[in-house]
Protein chains: 2
Amino acid sequence: MRDGTKISATEKRSRGRPRAYDPQAALAQARDAFWKAGYAGTSLDDIAAATGMNRPSLRAAFGDKHGIYLRTLADYWASKFELMHAALDGDDRLANSLMKVYDASLALYFGGEGPARGCFVVGTAITAAHADVEVQQLVTEGFLTLDAAFARRFERAKTEGELAAAADATTLALLATATLQSLAVRARTGAARASLRAMARKMVDTLCGG
Amino acid sequence: MRDGTKISATEKRSRGRPRAYDPQAALAQARDAFWKAGYAGTSLDDIAAATGMNRPSLRAAFGDKHGIYLRTLADYWASKFELMHAALDGDDRLANSLMKVYDASLALYFGGEGPARGCFVVGTAITAAHADVEVQQLVTEGFLTLDAAFARRFERAKTEGELAAAADATTLALLATATLQSLAVRARTGAARASLRAMARKMVDTLCGG
DNA sequence: ATATTTTTGTTCCATCGCGCATAAAAATAC
DNA sequence: GTATTTTTATGCGCGATGGAACAAAAATAT
């Protein structure tokens, strides 16, 4: 029983019967359901059970299963971008700011109850992408955004003298994204959080120091 | 209509009606079916259609859906290990041997008909792993094997003087595996093969040169 | 108070998915 | 030629899945 599922009374309500559930909270629960079992492995009944809504209400609010999934995917990316921004745009040194990305990501991957769920994109969207152009598009754009964010940070490190002027910021960014994807993959298959953190630490040191 | 689906006549046959299909070929087609739609997205009817067998025959030969999947996963890893072996254990210089791994992998990821399917493990097993301890186990072991193979190759490069003695072969191996996983992810979401190859090239150069 | 609007909740229907039971076919053993 | 063995092939049943229709509820507008 989460708090905040009920709609807040501060919204201007139009005319009919008020919604029993907050759309954002419902989407978050739907996202958690997809997160566990993947797109194909999650039924509308599962989502209905997770949100407390019933199927017709779900349909009226968010459309069909595909529509619900696309919205949860977009929401996930938004939170991921925010995480990147918070981690990379601070005053930390390069290695520390990268570790902030990986630490915050691991917190996400090991969040929720039950075994680690990994990254929502790597854990659910990659499988669905093969038969779904819209998912392909969202995932591609998302990872390119991560690449760009990392690249900006490496560039900044060059101008600040933390990184050799000859370093290739773009390629380092690709390796930083790959590191994130590797953590995501390994988290979902049962790796211990501490060992993943140690892995990230070593990879970061190699990317920054080497 | 593939050739080699029919059983070869050279096997000693026991007593009853002979099998109409070669188990290995059938498993390969089942693997292709899973590869496209993932574990949850593939039904036994899909597999029956892909193999040309009917459900009772599938069941008698390989067990239920889960059993079929585990066998295809094990087969995939075996071929992947062989690929690694062929690429890394030759006389090539370090960077070239790594590129052989990525080139052979891309050939696999872009194989089959239709859009690129990416890596079987990343594309199907990661999603399934969350609810399946056996899949978790197989995937974990598989990636650790890749890590070890890369690490051996980096160590060899150190003894052969291609890599600085101070280089951390273990961490470089983690980055090499992460590079492979990144290619796998991006291939399934529509990236062009040429751009992925260029990506791999740059990452390899940074890992070896930097 | 009545009408209108919007959402909720129940129910039905057609389809799919998977296991199982049973019949038919194709080989060998005697 | 008949029996036995192993596999193929067909069909049935039950539960799950997803869409839609319809009635009830809870708010506002007049």
request  = Report, as a single string ordered 5' to 3', how protein heavy atoms within less than 4.0 Å touch nucleotides 10-15 of chain C: B base, S sugar-phosphate only, - not at all.
outcome  = B-----
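If you measure from atom CZ of B:R19 to atom C1' of D:dT7, you get 8 Å, rounded to the nearest angstrom. One interatomic measurement links the two molecules: NE2 of B:H66 to P of C:dG17, which rounds to 19 Å at whole-angstrom precision. The nearest whole Å value for the distance from the CZ atom in B:R59 to the P atom in C:dA21 is 11 Å. Atom CG in A:D45 sits roughly 11 Å away from atom P in D:dG19 (whole-Å rounding). What separates CG of B:L58 from P of C:dG19 is a distance of 11 Å, to the nearest Å. Atom CD1 of A:I47 is separated from atom C1' of D:dA16 by 15 Å (rounded to the nearest Å). Atom CG of B:L44 and atom P of C:dC16 are 15 Å apart (whole Å). Atom CE in B:M53 sits roughly 19 Å away from atom P in C:dA25 (whole-Å rounding).
Inspection of the A:Y69 and A:T42 side chains reveals no N or O donor paired with an N or O acceptor under 3.5 Å.
In terms of position along DNA chain C, the nucleotide closest to B:K65 lies nearer the 5' end than the nucleotide closest to the other residue of the pair B:K65 and B:G16. Each of B:R17 and B:D46 lies near DNA chain C, and the nucleotide nearest B:D46 is the one positioned closer to the 5' end. Each of A:T42 and B:A60 has a nearest nucleotide on DNA chain D; the 5'-most of these lies closest to B:A60.
Out of C:dT8, C:dG17, D:dG18, the shortest distance to the side chain of B:S43 is found at C:dG17. The side chain of B:A20 sits closest to D:dT8 out of D:dT8, D:dA26, C:dC18.
Both the sub-6.0 Å distance and the 45° axial angle are satisfied by A:K65 relative to the ring of A:Y39. Taking the ring axis of A:F120 as reference, the NZ or CZ atom of A:K80 does not stay both within 45° of it and closer than 6.0 Å to the ring centre.
Between the side chain of A:R15 and the base of C:dT5, no donor-acceptor pair of N or O atoms lies under 3.5 Å.
The existence of a salt bridge linking B:R31 and B:D75 is excluded, since no basic side-chain nitrogen approaches an acidic carboxylate oxygen closer than 4.0 Å. A salt bridge is defined here as a Lys NZ or Arg NE, NH1 or NH2 lying under 4.0 Å from an Asp or Glu carboxylate O, and A:K36 with A:D46 fails to meet this definition.
To the nearest 0.5 angstrom, B:Q181 atom CD is 11.5 Å from B:S105 atom OG.
Taking the side chain as every heavy atom from C-beta outward, A:Y109 and A:R186 never approach each other to under 4.5 Å.
The side chain of B:S57 places an N or O atom within less than 4.0 Å of a non-bridging phosphate oxygen (OP1 or OP2) of D:dT8.
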